[in-house]
Amino acid sequence: MSRNLLILGAAPKLSELRDTLVRLEDTIIFALIERSQFKHNSKIYSANTMDFSDGYTGSFLSWFLKEVESVHAKVRRYQSPDEYPFTSNLSEPVLPPLEYPPVLVDPKQININNEIFNMYVNTVVPGITASGDDTNYGSSATRDIECLQALSRRIHYGKFVAESKFQDPNTRNEYVKLIKEKNRDRLMELLTNSHVEEQLLKRLKAKALIYGQDLSSASLNPDGSINASGRALLGLNSLSASSSEVSEDRVKTRVDYDLVVSLYRDYVIPLTKEVEVEYLLHRLDKN
């Protein structure tokens with residue numbers, strides 16, 4: 001069972017954070033798979049395309065997101081230091097506040113959900129869905145919100161990553177120096193670990209390929225066991241003649257694994273590091 005890193009009272013170690021981030025990879029991939037089963041349904045992302053009885057003129061997704069977050073706010077979701085709302089002026093909690101140890105400095109000061117929302121709607125959704133309209137607006141928006149919440153949590157976890165790196169005695173003095181100098185570029189260099197990023201992208205492609213498989217047809221034997229082709233696709237065989245029979249152009253996945261990799265490479269990793277740098281630049285504000 002994993003520990004709740006938010007109640008430790010001290011910055012989690014990078015190894016502990018990576019366990020959490022790896023699990024969030026699974027959450028994000030499965031959320032993307034769920035959204036991809038519906039068509040693009042571009043109508044839900046445009047303002048003034050639906051008739052709301054309350055006179056609302058924004059997009060259906062924006063309206064639905066506000067409603068969902070208003071309910072979640074009532075049960076203290078956004079009091080947690082790893083949860084960030086996309087909307088504002090939310091309801092007050094109906095439950096007493098939870099006391100979290102002060103691990104982060106001004107944990108709610110940095111919120112880049114506007115960037116995440118625009119990236120998701122304009123880039124991710126068109127990439128994972130078939131064009132067209134199947135009128136499944138509520139179902140599509142429900143999956144959108146799940147994707148957005150998972151992406152937001154993953155990216156804003158950069159604050160915990162930054163705090164953990166700042167607390168490392170081997171680099172703390174260098175971080176303090178660069179923070180005082182407001183040297184954004186050097187901070188970005190210092191916190192970047194290219195090897196870890198490369199391993200992350202390789203792991204993501206393997207996960208997206210495996211999780212996206214449909215094992216209900218050609219990959220199964222009549223008795224339900226996985227046949228040679230299925231085992232090769234899932235990497236269950238060592239290199240052999242049977243595995244060489246399966247070429248990549250036969251791999252049909254429910255979500256494009258290259259798109260998942262590009263999502264992380266072009267957006268999730270850069271945005272996470274943007275959060276890390278912004279957090280570090282404010283790290284000494286109260287010292």
Side-chain angles (χ1 to χ4, degrees), residues 1-2 15-41 82 116 119-121 123-131 134 136 139-158 196-221 223-240 242-272:
M1 180 179 296
S2 62
S15 59
E16 295 173 322
L17 288 168
R18 284 177 182 141
D19 289 342
T20 299
L21 298 181
V22 167
R23 291 196 300 273
L24 280 170
E25 293 168 11
D26 301 343
T27 301
I28 290 170
I29 292 172
F30 282 118
L32 294 173
I33 290 173
E34 288 297 312
R35 177 59 183 92
S36 69
Q37 69 180 303
F38 303 107
K39 290 190 176 181
H40 187 183
N41 295 326
D82 65 335
I116 296 171
M119 172 270 293
Y120 176 79
V121 169
T123 302
V124 177
V125 176
I128 64 174
T129 60
S131 60
D134 58 18
N136 286 304
S139 297
S140 298
T142 298
R143 301 311 182 194
D144 285 331
I145 292 172
E146 292 170 355
C147 290
L148 286 167
Q149 290 173 334
L151 286 167
S152 174
R153 187 163 181 253
R154 167 60 178 82
I155 290 167
H156 286 102
Y157 244 94
V196 170
E197 292 177 10
E198 290 172 6
Q199 294 302 113
L200 184 157
L201 295 177
K202 290 178 181 178
R203 183 174 65 245
L204 274 171
K205 183 169 184 177
K207 283 184 176 182
L209 178 59
I210 292 171
Y211 298 165
Q213 293 298 312
D214 179 4
L215 297 180
S216 62
S217 54
S219 298
L220 298 181
N221 293 315
D223 64 357
S225 61
I226 302 175
N227 62 26
S229 296
R231 292 180 64 83
L233 282 173
L234 297 176
L236 299 177
N237 293 332
S238 58
L239 291 177
S240 63
S242 61
S243 63
S244 65
E245 293 172 1
V246 182
S247 60
E248 190 165 285
D249 61 3
R250 287 180 57 188
V251 179
K252 304 297 183 184
T253 58
R254 290 173 291 175
V255 66
D256 185 345
Y257 44 86
D258 285 329
L259 186 142
V260 174
V261 172
S262 66
L263 167 63
Y264 262 73
R265 183 189 63 238
D266 300 336
Y267 296 101
V268 174
I269 292 175
L271 288 174
T272 300

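Atoms considered below: every heavy atom in the structure, side chains included; atoms not considered: hydrogens, waters and symmetry mates.
The salt bridge (charged side-chain N to carboxylate O under 4.0 Å, His left out) search around R143 returns E34, E146, not counting sequence neighbours. Residues satisfying the side-chain contact (heavy atoms from CB on, under 4.5 Å) test with V124, not counting sequence neighbours, are L32, M119, Y120, I128, L263. Contacts of E197 classified as salt bridge (charged side-chain N to carboxylate O under 4.0 Å, His left out), with partners at least two apart in sequence or in another chain: K273. A search for side-chain contact (heavy atoms from CB on, under 4.5 Å) contacts involving A31 returns C147, not counting sequence neighbours. Taking T129 as the reference, R35, H40, V125 meet the side-chain contact (heavy atoms from CB on, under 4.5 Å) condition, with sequence neighbours excluded. In this structure, the side-chain contact (heavy atoms from CB on, under 4.5 Å) partners of E25, at least two apart in sequence or on a different chain, are V22, L200, R203, L204, K207, Y264. In this view, S262 satisfies the side-chain hydrogen bond (donor to acceptor under 3.5 Å, both in side chains) rule with no residue, not counting sequence neighbours.
Atom CG of D26 sits about 11.5 Å away from atom CG of L21, to the nearest 0.5 Å. A distance of 10.5 Å separates CG of D266 from CG of L271, quoted to the nearest 0.5 Å. Taken from CG in D144 to OG in S139, the straight-line distance is 10.5 Å, to the nearest 0.5 Å. Within the model, atoms OH of Y157 and OG1 of T20 stand 4.5 Å from one another, a figure rounded to the nearest 0.5 Å.
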For the pair Y211 and V255, evaluate side chain to side chain contact (heavy atoms under 4.5 Å, CB included) and give the outcome as yes or no after the intermediate values. CA-CA 9 Å; Y211 298 165; V255 66; over 6 Å; no
Derivation and outcome, side chain to side chain contact (heavy atoms under 4.5 Å, CB included), residues I116 and H156: CA-CA 10 Å; I116 296 171; H156 286 102; 4.0 Å; yes
For the pair K205 and V260, evaluate side chain to side chain contact (heavy atoms under 4.5 Å, CB included) and give the outcome as yes or no after the intermediate values. CA-CA 7 Å; K205 183 169 184 177; V260 174; over 6 Å; no
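Shown here for S140 and N41, the closest heavy-atom pair between the two residues is OG-ND2, 2.9 Å. For I155 against T272, the heavy-atom pair with the smallest separation is CA-OG1, 3.5 Å.
Here the side chain of D134 pairs a donor or acceptor atom with the backbone of K39 at under 3.5 angstrom. A donor-acceptor contact shorter than 3.5 Å links the side chain of S36 to the backbone of I33.
The shortest side-chain heavy-atom distance between I269 and L201 falls under the 4.5 Å cut-off.
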